[in-house]
Amino acid sequence: MRINVPLLLLLLTANLELPAQTVAVQVNSGTEGPTISRHIYGHFAEHLGRSIYGGFYVGEDSEIPNTDGVRMDVVEALRDLKIPNLRWPGGCFADTYHWKDGIGPKEDRPSILNVWWGNVKEDNSFGTHDFLNMCELLDTEPYLSANVGSGTPQELADWIKYTTHPAGTSPMPDLRAENGREEPWDVKFWGIGNEAWGCGGNMRAEYYADIYRRYATFTSDWGNSGELVRIASGASSEDYNWTEVLMKNIPKNLIEAIALHHYSVIDWSAKGPATGFSERQYFSTMREALKMKELIEKHVAIMDQYDLEQRVDLFVDEWGGWYDVEPGTNPGFLYQQNTIRDAMLAGATLNIFNNHADRVKMANIAQAVNVLQAVVLTEEEKMLLTPTYHIFRMYTPHHDAELLPVSFDSPEYTYEGESLPAISISASRDEQGTAHFSLVNIDSERSHQVELDVAGLNLSEVEGEILTGDSLDAHNTFEAPGTVTPVAFTEAALRDGKLQLSVPAHSVIVLRATK
Ligand code: AHR
């Protein structure tokens, strides 16, 4: 045989020329996996910037189509996402909020200054009734975040009675009935403060643990017969000491979940723009996003040391990308555009949550409308769906489905000598036996060939959708709202128990495979 030496040398030295390696993925369908709680796909609406006013709520007199002041285009968009829960009224705002300011006739409600977010006037025209009725309209579960920083245990106990107790049992539910709502609402999720280590009171972990015990004591009776889910204000990113002190000091009969907040911020003093960013900034955002896996595993390991029966769940009740505000907008309003980078961030993070569904039972992207990594942006009567919105819609089949654990070695996305895993995958199976696979390739340039071993699932047909864009900062605008939209993906093939496809650079694919 004649060997072509120059060609051989070229192939040996320039491995870029070699065909890409196939990523072999093992899909474990043999043992029953945990259920992926739909609450992992939760949202957050704070009195911040144009989240509530102009975003969710435009008032009954607005020309924008609304129900009791809540804009219907936003409601319909969020209904399509099947949003499972909505956290309100903050965030930092929650620890300055006195709920009694937001009930009764709107003209009688006091105005306050929103001291956390831009020092703007808050006229309390959107209050408890407005929020809980809106949740019914959205068909979603409310998550109320209580004021611990500047409130009282009495105020929290009153809010619980006002919202959830039958009329005729005490003065608070009677007041609710007088204000036009006879039937209680169903409010299961209660946050006992927010970021108590920071805007929620600058407390030490030991002090907050004691404060938490006090507040939680008055949420329900001794047996928590109201079956409330009481959520302790959790750590920021790597603050493992916070989790440890809380888990050690809070009796397990007073707590159902502990929170964790992690934002994918490059540098708090140089966050970078939401569009027109460099690849270095893209890479750094992805590094911060992928850190979520390590954060969950380390916080959960600490929780498990103090809770052998794993009764306390982890709720990642704030997560997402955080960049500089759009030029010309109020810095206190946190209004930012949303690009393919955010789609990568959302797809990879949701895969991490799915793959840790045994302990992560809720997560809330920050925030739903017009703030940070929003799924919906509005401008007067116009509304657009962001790339992050499309990821949430594509991932809806994972809600309450059985996790199918996957194992594989990811190829690397390398930038200036640093590497990250390029591919992330999660898989689930619904009650009909239909399997869904979500695959993310964060690599800025290289596609990857993937082969999933699905022999145990007896699948025969596959279809899918893909979301990608011309560039990492491709995004939708009010003038061109359809620039980044999912399209059908027809290039996956099922052969001999193997599901094969090529995942293009910076794309998210969700496949649906039936028997
Ligand atoms: O989501 C914006 C803010 O970020 C929240 O109010 C606060 O909890 C966090 O620091």
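Order of listing sets the numbers, starting from 1, for every ligand and every atom in it.
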Numbered in order shown, the ligand 1 atoms found under 4.0 Å of a heavy atom of N194 are 8 (O)

I'd like to know whether ligand 1 has F93 as a neighbour, heavy-atom separation below 4.0 Å.
no

Taking only non-hydrogen atoms of L372 and a 4.0 Å limit, the atoms of ligand 1 in range are 1 (O), 2 (C)

Modelled atom types, side-chain donor and acceptor of Q367 and H43, under 3.5 Å
no

Within 4.0 Å of some non-hydrogen atom of Q367, the atoms of ligand 1 are 1 (O), 2 (C)

query = Mind checking whether C92 has an N or O less than 3.5 Å away from an N or O of ligand 1?
reply = yes

Result for ring-ring contact (aromatic ring centres under 6.0 Å, His included) between F353 and one of W319, Y395, Y41 points to W319

The atoms of ligand 1 lying under 4.0 Å from a heavy atom of E195, numbered in the order shown, are 7 (C), 8 (O), 9 (C), 10 (O)

Closest to atom 1 (O) of ligand 1 among protein heavy atoms sits Y263 OH, 2.8 Å

Item to check | Side-chain H-bond candidate by donor/acceptor type, D342 with T388, under 3.5 Å | outcome: no

Only residue of N354, L403, V360, N355 satisfying side-chain contact (heavy atoms from CB on, under 4.5 Å) with P34 is L403

Of all protein heavy atoms, the one nearest atom 9 (C) of ligand 1 is E318 OE1, 3.0 Å

Notebook entry, point to check: Quick one: are F44 and I365 in side-chain contact, heavy atoms under 4.5 Å?
Noted result: no

Just by distance, no angles: are the side chains of T378 and N370 close enough, under 3.5 Å, to form a donor-acceptor pair? yes

Per-atom filter on ligand 1: closer than 4.0 angstrom to a heavy atom of W322 are 4 (O)

Result for ring-ring contact (aromatic ring centres under 6.0 Å, His included) between W88 and one of Y97, W190, F56, F93 points to Y97

Side-chain donor-acceptor pair under 3.5 Å between E46 and S51, yes or no?
no

So the atoms of ligand 1 within less than 4.0 Å of a heavy atom of G91 turn out to be 5 (C), 6 (O), 8 (O)

The atoms of ligand 1 lying under 4.0 Å from a heavy atom of F44, numbered in the order shown, are 1 (O)

